[in-house]
Amino acid sequence: MLDAKLFRSELMETAGRLKETRGYILDVAALEALETQRKELQVRTESLQAERNARSKEIGQAKAQGQDIAPLLAEMDDMGSQLEAAKQALNHIQDELHAIIAGVPNIPDASVPIGADEDDNVEVSRWGEPRTFDFTPKDHVDVAAHINNGMDFERAAKLSGARFVVLQGQVARLHRALAQFMLDLHTSEHGYQETYVPYLVNHDTLFGTGQLPKFGEDLFHVQGATENQVPLSLIPTAEVPLTNLWRDEIADETMLPLQYVAHTPCFRSEAGSHGRDTRGLIRQHQFDKVELVMLVKPEDSMAALETLTGHAEKVLQRLELPYRKVLLCTGDMGFGSAKTYDLEVWVPTQNKYREISSCSNMWDFQTRRMQARFRRKGAKKPELMHSLNGSGLAVGRTLVALLENNQQADGSVSIPKVLQPYMGGLTSIAAK
RNA sequence: GGAGAGAUGGCAGAGUUCGGUUGAAUGCACCUGACUUGAAAUCAGGCGUGGGCGCAAGCUCACCGGGGGUUCGAAUCCCUCUCUCUCCGCCA
């Protein structure tokens, strides 16, 4: 959520910036009209309240002195209804304003290239060399099929439906090894605190990170057993619970930066992506991800984005997977992000780089929604933190990359050095 | 699942019986100043959050777990939800 002041004192500039960067058309006329009404109604409501408070105080004092309060009460006659009407009108306007403002995307950082879609993203760097095969490489589905049917989509469909998978045997173990390796790397070398979080969260939490109110259809919502139970939703990423750890709290300056890592399943409805990536593990309703979250002082967040992205890159480097780093253009960035790098891993059978991590500096967009703040030493006013998040990495897609890039002519898959300790010392998984 | 108790500012903890000048005593923590070579101790003062109006000084509104209600007036009364604790039962 943007600072409400931007919509008052810098409305035209804000609207211009949103249009130029995001192609987002802010309804300036509606905002101006609502704002005029809001101002008038709020001043009137509050002065009515002030008057009521003063008169009630008088009544209290008169009563304490044993005076007759009947005439005072009579004077109050229609104040109640006036106040009630004003309050209702004000609430209505404020709800409308809030609905508009909560739906406005973040303003991209000045360093973000202007563009319409992913074609305008800017490649920043490449690491590693895509391998040349002296045989025709199979895609990950086929590779896994030959490892004792380690990736079973048919059975998963029976259990749950499309876009689910059952992993078994060495493939399942490799999946687990990847997650373990990532967690260990980030906790022992990059200074993140390992965290276990709820997979079901409430609406306030989802509002905090920006999933609600606008993107509710991307989530799975869980109906309670009883009608009046609070509604919960499955997390689409651990970014949600991790960032919300500090919702409605004020940290001491010395506690920053806060760095959290969690390995969780992620649940996404994939509404609106029918027909895309239907084969294999690329796009599932449920997938595992190791997520990195940082909460930092505002002046540190741009540098922190570079650091955090570097932490995600390190995973790919240790796994020896070729990838490239892409700076997303304004049109391809997520709703709440001020600046995003995507890491794209080489997928041989698709002959292209595919997203495996997305690292974003959300600026104060989320922390304003959730009022996650910190106080500088000696300062009176608390300030909003900045929040960042990034995949480090998406485990399912990492498994895809590994199976495809490391496959051998005989159908076996070689295991990168760093994973071998997690695989009981195995250097390769044999086809069977 | 049953029975009971509770939720107040950074923390602890009054106030809730019998609604009134209580944004809330007190202690701790913290900040500023005095004393001190410095520190401690002591003394004096300050010290919640969010919002509105205003160039500013300042004025003002809301908030005592969330939501709703009664009332001229609610931390205090009523309803409801959530959470925490104690005991019993069940259980990975």
Side-chain angles (χ1 to χ4, degrees), chain A residues 1-11 31-32 34-98 101-102 196 198-208 212 222-233 241 244-256 258 364 367-385:
Chain A
M1 195 158 62
L2 296 174
D3 190 341
K5 290 188 179 72
L6 289 178
F7 299 105
R8 300 202 187 121
S9 48
E10 299 168 40
L11 181 59
L31 269 172
E32 271 182 330
L34 284 169
E35 180 54 24
T36 308
Q37 293 180 63
R38 191 228 95 225
K39 195 163 173 171
E40 191 191 313
L41 276 167
Q42 185 159 353
V43 169
R44 192 162 90 229
T45 305
E46 288 185 2
S47 65
L48 278 168
Q49 281 174 316
E51 193 181 335
R52 182 206 59 194
N53 290 348
R55 290 207 199 173
S56 292
K57 207 173 249 187
E58 279 176 36
I59 293 176
Q61 284 167 340
K63 207 176 169 186
Q65 292 164 19
Q67 298 169 4
D68 181 17
I69 59 168
L72 288 171
L73 282 179
E75 276 178 46
M76 301 290 285
D77 234 9
D78 64 333
M79 266 211 71
S81 53
Q82 268 187 56
L83 181 58
E84 196 49 41
K87 258 189 193 166
Q88 268 185 25
L90 178 63
N91 280 342
H92 185 69
I93 297 290
Q94 279 180 328
D95 286 350
E96 277 188 65
L97 270 170
H98 187 256
I101 291 172
Y196 175 84
Y199 303 156
L200 288 164
V201 294
N202 61 34
H203 285 1
D204 285 346
T205 300
L206 290 163
F207 178 82
L212 292 181
V222 176
Q223 219 164 10
T226 58
E227 202 176 300
N228 46 18
Q229 184 181 316
V230 294
L232 297 173
S233 309
N244 273 280
L245 249 22
W246 284 87
R247 172 154 57 85
D248 293 324
E249 297 199 40
I250 300 172
D252 192 90
E253 172 182 32
T254 57
M255 301 173 79
L256 303 183
L258 291 157
D364 59 11
T367 51
R368 178 172 295 107
R369 290 170 159 248
M370 64 176 78
Q371 291 295 303
R373 292 164 294 167
F374 75 100
R375 201 190 311 268
R376 294 183 200 271
K377 187 168 164 58
K380 193 169 153 55
K381 282 274 168 194
E383 294 174 50
L384 295 170
M385 306 172 180

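On a predicted model such as this, the values are computed, not experimentally measured, just so you know. Convention: sequence-line order gives letters A, B, ...; per-chain numbering from 1.
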Original post:
With a 4.0 Å cut-off, would you call A/Glu58 and A/Arg55 a salt bridge?
Top reply: no

**OP:** Heavy atoms only: give me the nearest A/Leu384-A/Phe374 pair and the separation to one decimal.
**Re:** O-CE2, 3.6 Å

Subject >> Check: A/Arg368 and A/Asp364 side chains under 4.5 Å, non-hydrogen atoms >> reply: yes

Subject >> A/Leu73 CG to B/G73 P, straight-line distance once rounded to whole Å >> reply: 10 Å

**OP:** For B/U16, give its Watson-Crick or G-U wobble partner with both distances under 3.5 Å, or none.
**Re:** none

Original post:
A/Arg8 has an atom CZ; how far is it from atom P of B/G54, in whole Å?
Top reply: 11 Å

**OP:** Indicate yes or no for a side-chain donor-acceptor contact from A/Thr367 to the backbone of A/Met385 under 3.5 Å, with no hydrogens or angles considered.
**Re:** yes

Original post:
Considering only the C1' atoms, how many Å lie between B/G10 and B/G89, rounded to the nearest integer?
Top reply: 40 Å

Subject >> Interatomic distance at C1', B/U76 relative to B/U8, whole Å >> reply: 12 Å

**OP:** Could you tell me which nucleotide pairs with B/C55 by Watson-Crick or G-U wobble geometry, both distances under 3.5 Å, or answer none if nothing does?
**Re:** none

Original post:
With no hydrogens and no angle check, is any side-chain donor or acceptor of A/Ser47 less than 3.5 Å from a backbone partner on A/Arg44?
Top reply: yes

Subject >> Spacing of the C1' atoms in B/A62 and B/G23 (rounded, Å) >> reply: 11 Å

Subject >> Between B/C47 (P) and A/Arg375 (CZ): distance, integer Å >> reply: 13 Å

Original post:
Should we say atom CZ of A/Arg247 is surrounded by more than 12 heavy atoms from elsewhere, each under 6.0 Å from it?
Top reply: yes

Original post:
With sugar-phosphate meaning primed atoms plus P, OP1 and OP2, does A/Arg373 contact a base, only sugar-phosphate, or nothing at under 4.0 Å between heavy atoms?
Top reply: sugar-phosphate

Expected list for residues 82-93 of chain A: side-chain donor-acceptor pairs under 3.5 angstrom, two or more places apart:
{"from": "A/Gln82", "atom 1": "NE2", "to": "A/Asp78", "atom 2": "OD2", "distance (Å)": "3.3"}
{"from": "A/His92", "atom 1": "NE2", "to": "A/Glu96", "atom 2": "OE2", "distance (Å)": "3.1"}

**OP:** Let me know the distance between CD of A/Gln42 and C1' of B/G54, rounded to the nearest Å.
**Re:** 14 Å

**OP:** Identify the heavy atoms of A/Glu249 and A/Leu245 that sit nearest to each other, and give their distance.
**Re:** OE2-O, 3.4 Å

**OP:** Examine distances only and state if a side-chain atom of A/Gln65 and a backbone atom of A/Ala62 form a donor-acceptor pair shorter than 3.5 Å.
**Re:** no

Subject >> Sugar-phosphate or base contact per nucleotide [nucleotides 55-68 of chain B; S, B, -; heavy atom under 4.0 Å] >> reply: -----SSS------

Original post:
Rounded to the nearest Å, what distance is computed from the CD1 atom of residue A/Ile101 to the P atom of nucleotide B/G51?
Top reply: 12 Å

Which atoms of nucleotides 20-25 of chain B (N or O only) lie under 3.5 Å from a protein N or O atom, and what are those distances?
{"from": "B/G20", "atom 1": "O6", "to": "A/Lys63", "atom 2": "NZ", "distance (Å)": "3.3"}
{"from": "B/G20", "atom 1": "N2", "to": "A/Ser56", "atom 2": "O", "distance (Å)": "2.7"}
{"from": "B/U21", "atom 1": "O2", "to": "A/Gln61", "atom 2": "NE2", "distance (Å)": "3.0"}

Subject >> Single hit among A/Leu206, A/Val201, A/Thr205 for side-chain contact (heavy atoms from CB on, under 4.5 Å) with A/His203 >> reply: A/Leu206

Subject >> Span that lies between the P atom of B/U49 and that of B/G9, in whole angstrom >> reply: 13 Å

**OP:** For nucleotides B/A25 and B/C64, find the distance between their P atoms and express it as a whole number of Å.
**Re:** 16 Å

Original post:
Whom does B/C63 pair with, Watson-Crick or G-U wobble, provided both distances fall under 3.5 Å?
Top reply: B/G48

**OP:** Could you work out the separation of B/U17 and B/A92 based on their C1' atoms and round it to a whole Å?
**Re:** 45 Å

**OP:** Please give the nucleotide sitting opposite B/C91 as a Watson-Crick or G-U wobble pair, both distances under 3.5 Å, or none.
**Re:** none

**OP:** Return the minimal non-hydrogen interatomic distance between A/Met1 and A/Arg369, and the atom names on each side.
**Re:** N-NE, 3.4 Å

Original post:
When the P atoms of B/G58 and B/G68 are considered, how many whole Å apart are they?
Top reply: 34 Å

Original post:
Separation of A/Met370 atom CE from B/U49 atom C1', in whole Å?
Top reply: 18 Å

Subject >> Counter-base of B/G33, judged by Watson-Crick or G-U geometry with both distances under 3.5 Å >> reply: B/C43

Original post:
Just how far, in rounded Å, is C1' of B/G52 from CG of A/Asn91?
Top reply: 14 Å

Original post:
Between B/G51 atom P and A/Leu90 atom CG, what is the distance in whole Å?
Top reply: 15 Å

Subject >> For B/A5, the Watson-Crick or wobble counterpart (both distances under 3.5 Å) >> reply: B/U84

Original post:
In whole Å, what separates the C1' atom of B/U16 from that of B/G6?
Top reply: 13 Å

**OP:** Respond yes when some side-chain nitrogen or oxygen of A/Arg376 is under 4.0 Å from OP1 or OP2 of B/C30, and no when none is.
**Re:** no

